[in-house]
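Everything on this sheet refers to the single structure shown next.
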Amino acid sequence: MLNKSQIQQCLDVMEDMFPDAECELVHKNPFELVIAVVLSAQCTDALVNKVTKDLFKKYQTPEDYLAVSLEELQQDIRSIGLYRNKAKNIRKLCEVLMEQYNGEVPRSKEELEKLAGVGRKTANVVVSVAFNIPAIAVDTHVERVSKRLGICRWKDSVLEVEKTLMRKIPEHEWSNTHHRMIFFGRYHCKAKNPNCDTCPLLDICREGKKRMKT
DNA sequence: AACTCGGGGCA
DNA sequence: TGCCCAGAGTT
């Protein structure tokens with residue numbers, strides 16, 4: 001298992017590898033951020049951005065989304081996977097925002113997670129990006145990279161991975177951790193091809209050392 | 001813990 | 001063509 005300084009070293013190397021790894025979502029307001037992240041489940045950012053460009057021109061508030069039919073909203077996000085469910089979730093979410101939060105986005109993870117289509121990962125992204133609250137959003141990339149490197153155990157659940165990262169990484173690094181690991185996982189330490197032969201973390205990585213032996 | 005949703009991107 | 005993808009909800 002990696003210690004704290006080894007993990008910090010990993011994060012530093014990842015930052016060197018992908019210096020422009022920053023969230024494209026920072027410029028969005030909290031409400032748009034919620035919508036964008038709900039849409040992004042199981043599909044790429046590029047695809048989501050293509051849809052939100054027009055979507056955010058047409059809809060600015062929760063009321064705007066409730067003013068059209070479900071079918072119309074579904075058509076507006078049709079090019080994204082799982083678009084039927086996502087449209088339903090967005091409508092439910094907007095109803096709750098209007099009824100319970102005066103049309104505003106709640107500022108706590110607990111409240112956010114209760115919203116339709118918002119799970120733990122989405123809630124963490126929203127609080128960290130929109131409200132500057134330290135959080136580590138664990139998606140499949142963060143999970144895979146953490147497990148391969150040896151930051152956590154292979155059998156750990158997503159929640160356990162998040163807890164371990166929070167315990168071993170200083171709080172001020174939490175929000176950055178997500179984006180560094182995402183880029184590292186997406187472009188280098190890929191699910192099928194970890195690219196160990198060109199990896200600068202090979203001498204630290206648990207899985208990498210194992211792979212290079214065989 | 002396993003299953004489902006799902007169109008687009010990419011090999 | 002076939003496989004995979006910045007997850008969440010249900011059983």
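So that the names make sense, note that chain A is the first sequence line, chain B the second, and so on, each numbered from 1.
The backbone N or O of Lys147(A) sits less than 3.5 Å from a side-chain atom of Arg206(A), completing a donor-acceptor pair. Side chain of Lys168(A) to main chain of Leu2(A): a donor-acceptor pair is present (N/O by atom type, distance under 3.5 Å, no hydrogens or angles). Using a distance-only test at 3.5 Å, with no hydrogens or angles considered, a donor-acceptor pair links the side chain of Asp156(A) to the main chain of Arg153(A).
Here the C1' atom of nucleotide dA8(C) and the CG atom of Leu112(A) are 15 Å apart, to the nearest Å. Between Gln75(A) atom CD and dG7(B) atom C1' there is a gap of 13 Å when expressed in whole angstrom units. Across the protein-nucleic acid pair, Asn89(A) atom CG and dG6(B) atom C1' stand 14 Å apart, rounded to whole Å. Note: NZ (Lys190(A)) to C1' (dG9(B)) measures 13 Å, nearest angstrom. Rounded to a whole Å, the CD atom of Glu162(A) is 15 Å from the P atom of dG7(C). Atoms NZ (Lys86(A)) and P (dG9(C)) sit 12 Å apart, rounded to a whole Å. The distance between atom CG of Asp139(A) and atom P of dG7(C), rounded to the nearest whole Å, is 6 Å.
Contact annotation for Gly81(A): base contact, defined as any heavy-atom pair under 4.0 Å involving a base atom. Within 4.0 Å of Leu115(A), counting heavy atoms only, lie sugar-phosphate atoms of the nucleic acid but no base atom. Nucleic acid contact class of Ala137(A) (heavy atoms, under 4.0 Å, all strands): none. If you check every strand for non-hydrogen atoms under 4.0 Å, Thr44(A) touches nothing. Heavy atoms of Val37(A) sit nowhere under 4.0 angstrom from any nucleic acid atom.
Contact check, Gln42(A) against dG7(C): a side-chain N or O comes under 4.0 Å of OP1 or OP2. Taking side-chain N and O atoms only, Arg84(A) has a distance below 4.0 Å to OP1 or OP2 of dG7(B).
Between Lys58(A) and Asp76(A), at least one side-chain N (NZ, or NE/NH1/NH2) sits under 4.0 Å from a carboxylate O, which counts as a salt bridge.
If you take atom P in dG9(B) and the same atom in dA8(C), they sit 22 Å apart, rounded to whole Å. On the C1' atoms, dA6(C) is 22 Å away from dA2(B), given to the nearest whole Å. Rounded to a whole angstrom, the distance from the P atom of dC3(B) to that of dC4(C) is 15 Å.
Distances were taken from every side-chain heavy atom of Leu47(A) (C-beta onward) to each of dA6(C), dC5(C), dG9(B); the shortest belongs to dG9(B). The side chain of Asn85(A) lies closest to dG6(B), out of dG8(B), dA6(C), dG6(B). Between dA6(C), dG8(B), dC4(C), one nucleotide has an atom nearer to the side chain of Lys192(A) than all others, and that is dC4(C).
For the residue pair Glu111(A) / Ser108(A), a side-chain donor-acceptor distance below 3.5 Å is found, with atom types taken as modelled.
A residue-by-residue look at Ser40(A) and Lys114(A) shows that Ser40(A) has its nearest nucleotide of DNA chain C further toward the 5' end. DNA chain B is contacted by both Cys43(A) and Lys50(A); Cys43(A) maps to the nucleotide lying nearer its 5′ end (nearest heavy atom per residue).
Annotation for Glu104(A): atom CD does not count as buried by contact number, only 12 or fewer foreign heavy atoms lying within 6.0 Å.
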